There are 4 protein chains.
Amino acid sequence: MGKREQAKQRTRKVIIDAAKELFIWNGFLNTSTKEIADKAGIAHGTLFFHFPKKESLILEIFDREGMYITDQLHQVLHDTYGVEELLHRYLLFLEEEEDFFAIIAREFPYYPEKLKQRLLFREIGIRSYFLTALNIGKAEGRYRNLDVTAALTFLFGTINYLLSHREQLAGKQSIIALKKELIINTFLRIINYKED
Amino acid sequence: MGKREQAKQRTRKVIIDAAKELFIWNGFLNTSTKEIADKAGIAHGTLFFHFPKKESLILEIFDREGMYITDQLHQVLHDTYGVEELLHRYLLFLEEEEDFFAIIAREFPYYPEKLKQRLLFREIGIRSYFLTALNIGKAEGRYRNLDVTAALTFLFGTINYLLSHREQLAGKQSIIALKKELIINTFLRIINYKED
Amino acid sequence: MGKREQAKQRTRKVIIDAAKELFIWNGFLNTSTKEIADKAGIAHGTLFFHFPKKESLILEIFDREGMYITDQLHQVLHDTYGVEELLHRYLLFLEEEEDFFAIIAREFPYYPEKLKQRLLFREIGIRSYFLTALNIGKAEGRYRNLDVTAALTFLFGTINYLLSHREQLAGKQSIIALKKELIINTFLRIINYKED
Amino acid sequence: MGKREQAKQRTRKVIIDAAKELFIWNGFLNTSTKEIADKAGIAHGTLFFHFPKKESLILEIFDREGMYITDQLHQVLHDTYGVEELLHRYLLFLEEEEDFFAIIAREFPYYPEKLKQRLLFREIGIRSYFLTALNIGKAEGRYRNLDVTAALTFLFGTINYLLSHREQLAGKQSIIALKKELIINTFLRIINYKED
DNA sequence: TATGAATGAGCATTCATTCAT
DNA sequence: GATGAATGAATGCTCATTCAT
């Protein structure tokens, strides 16, 4: 990579960092390209040299961030086979990055198609951990004979709903912190045989 | 009602109809007052004679539609005490008005506070039917000893999630039609003792 | 005057009263015809039956109000020949009606030409009291050999300036109350021989 | 200054010149940003690139003009200690820029607070020349034992009044040219011992 | 590579006035 | 005489994108 290329990459990173930060505060939809350029300390036009459409910037951000987050989640989840433990760790992770995930949950329907696909794809990656754990547990007779995909739709759907409505439901607090127990308990009751 | 009043109501209706149609296509947030006026065939300013703020137009639409829907739902749900039947009817209704509900699910977080409150209030009304049915069933020993509120959070959260992601999950089709069975079966398993 | 005509006059009065009140609060320029009609309890269109232009309404108001005020001032000033007493009474009167006069002073340059003429004409009527008193005093050797018209330009110009800048100079207080002494003393020094 | 910067300054100047011209004709309040852009031969949006708010454009105009004027006035007044000479020069200057000052006098009460402050501040700067000259003259026994602040309120108040009413009092002519002698003579009589 | 000035369509809202009823 | 619904031009401002330098 020549010096030229290095400088280019450096600028890209500067832009992405600035965008990410603003994005967490205000969401992608309410962050203007000018704001991003200003925060990045580059010219407004420069941004469009690196990312010809606002859309391509957001795409790249999610690919980077998504990759990082997916990596982290893989580390967090990969040696965990119990569903309860998995859920615990997943929710802890969401709680830590709640600002980020709440924005995504809310803005998702307005993202460009390509980005929606990628986000959905990534969610599938995360679901697969649960899928595996559930199937194993089912095979071992620890869980009820549920349609695991359906159960996960309920789990992820509910979490998404809570995140996107967090402002109404939890104000400035963490909606995940607030509902963690409820989510875990209810999901465990869904999959478990026994009553408490 | 005099002729004058009739004409006024006609115009109001023309506006509301235009707005509703555009709104179902593009959402409230992406529909401009000018677009509505053009579609309604009236002057831009006329719209503001009938609805002084964009918000008041949307509020009226929701109140009309909401009242109609709530009325219908009450009729549909009011003499139904079995949760399964209740859910069936509710989903059938959502399916019929899916365009409308999908937009709300997607845009909700961006609505003005007043509208959010009203929508939330209406949802509580609907939930109460399920709450009653669940509590009766629980008391009669037909359902598991679940935290019913938690169970309903899962149910409504999941439905909301499906609606707001319908484009991705079902394209132009009805997401409710597609997932109805899954929703019902899973929810019944959540609340029932027995396995299938 | 037939019943019809009576009703017409009654409506005119209702409109004028409403307009006057709003005008003192917000000025003529910031009062909309709709506001006036609402406050008067008549239809918006009715206002234009009685006053085909907004301008004609304001013209009428000033004629009525102006006549009343001029009458009052005449009563207050007519048997007063000392300039000091005259000024005292005039300022007292301004102070009592300061809201009204401050608005006029500020808005004057934006009034329709016809109205400006009339207001100016009225001011001349008031000035004439001072003119007479000053000339008599001069003839009797009580005042300096001043150009009385020039002196009055200073007096009325200054008062007008204070009224139109009252917000900056006196906030919510009465600028006349605040500067009365200064105005009187300075004007007396202008016209008197002796130092204090 | 690079070519780029030059071009920018040129555009700024084009905007300011257009604005100033329109402003002298119609006042700031009755000149729309679109009008200014059209007259300047630039896109409407471009105006907001250079001046993010209408207020900032007007502020800049006043600062430029005000600075120029203050500079000139300082040059004109700074080595002048006689009040008569001072007044002469000041009025001559007002006469030359009368279009500008007349608009300010008229619109002042409607300006944004920030602008009012600045204008008031500038006036104080000008007044101080007179204050100094008057106090010296008083100390040297050349002028009467007047309250100088009060005298200046009369002077500036009157000038302001004449400017804001110029249309009525002088039509298209210069009100200052018309009343210069009157102002000077009267003010001198106010401060002087002797009669003419 | 980078710059940043320029673009112009788009937005919600206001308001004096008109006119059919 | 009175009504009030309808009009539409006008307003200040935003923002993703373009392009000459």
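Each chain gets a letter, A, B and so on, in the order its sequence line appears, and its residues count up from 1. Predicted, not measured: the structure shown is a model, and the values here were computed from it.
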Sidechain N-carboxylate O distance under 4.0 Å for [X], [Y]:
X	Y	answer
A:Arg64	A:Asp17	no
C:Asp63	C:Arg122	yes
B:Glu60	B:Arg12	yes

Counting side-chain heavy atoms from C-beta on, which of [options] comes nearest to [X]?
X	options	value
A:Ser32	F:dT17, F:dA16, F:dA6	F:dA16
D:Lys54	F:dA6, E:dA2, F:dG12	F:dG12
D:His44	F:dC13, E:dT13, F:dA5	F:dC13
C:His50	E:dT3, E:dC11, F:dA2	F:dA2

Any side-chain to backbone donor/acceptor pair from A:Glu107 onto A:Leu29? Under 3.5 Å, distance only.
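Indeed, once roles are kept as given, a pair shorter than 3.5 Å links the two residues.
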Counting the atoms with a prime plus P, OP1 and OP2 as sugar-phosphate, which does D:Thr46 contact under 4.0 Å by heavy atoms, base, sugar-phosphate, or nothing?
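Since a base atom lies under 4.0 Å of D:Thr46, the category is base.
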Determine the contact category for B:Thr33: base if any of its heavy atoms lies under 4.0 Å from a base atom, sugar-phosphate if only primed atoms, P, OP1 or OP2 are that close, otherwise nothing.
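Base contact.
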Quick one: on DNA chain E, does D:Lys8 or B:Gly45 contact a more 5' nucleotide (nearest heavy atom)?
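Residue closer to the 5' terminus by nearest nucleotide: D:Lys8.
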Starting from the 5' end of DNA chain E, give me the residue, A:Ala43 or C:Glu35, whose nearest nucleotide shows up first.
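Closer to the 5' end of DNA chain E: A:Ala43.
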Separation of atom [atom1] in [X] from atom [atom2] in [N], rounded to whole Å:
X	N	atom1	atom2	value
A:Phe48	F:dT18	CZ	P	8 Å
D:Phe49	F:dG12	CZ	C1'	18 Å
A:Ile36	F:dC15	CD1	P	12 Å
C:Lys34	F:dG4	NZ	C1'	9 Å
B:Gln9	F:dA5	CD	P	9 Å
B:Ile15	F:dA5	CD1	C1'	10 Å
B:Asp38	F:dG8	CG	P	11 Å
A:Leu47	E:dA5	CG	C1'	16 Å

Assess the side chains of C:Glu113 and D:Gln168: does a donor N or O sit below 3.5 Å from an acceptor N or O?
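Distance-only check passes for C:Glu113 and D:Gln168.
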Relative to the 5' end of DNA chain F, which residue comes earlier, B:Ala7 or C:Ala7, by the nucleotide with the nearest heavy atom?
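Closest to the 5' end, via its nearest nucleotide, is C:Ala7.
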Any strand counts, and the cut-off is 3.5 Å on both contacts for Watson-Crick or G-U wobble. Which nucleotide pairs with E:dA20?
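In the structure as shown, E:dA20 has F:dT3 as its Watson-Crick or wobble partner.
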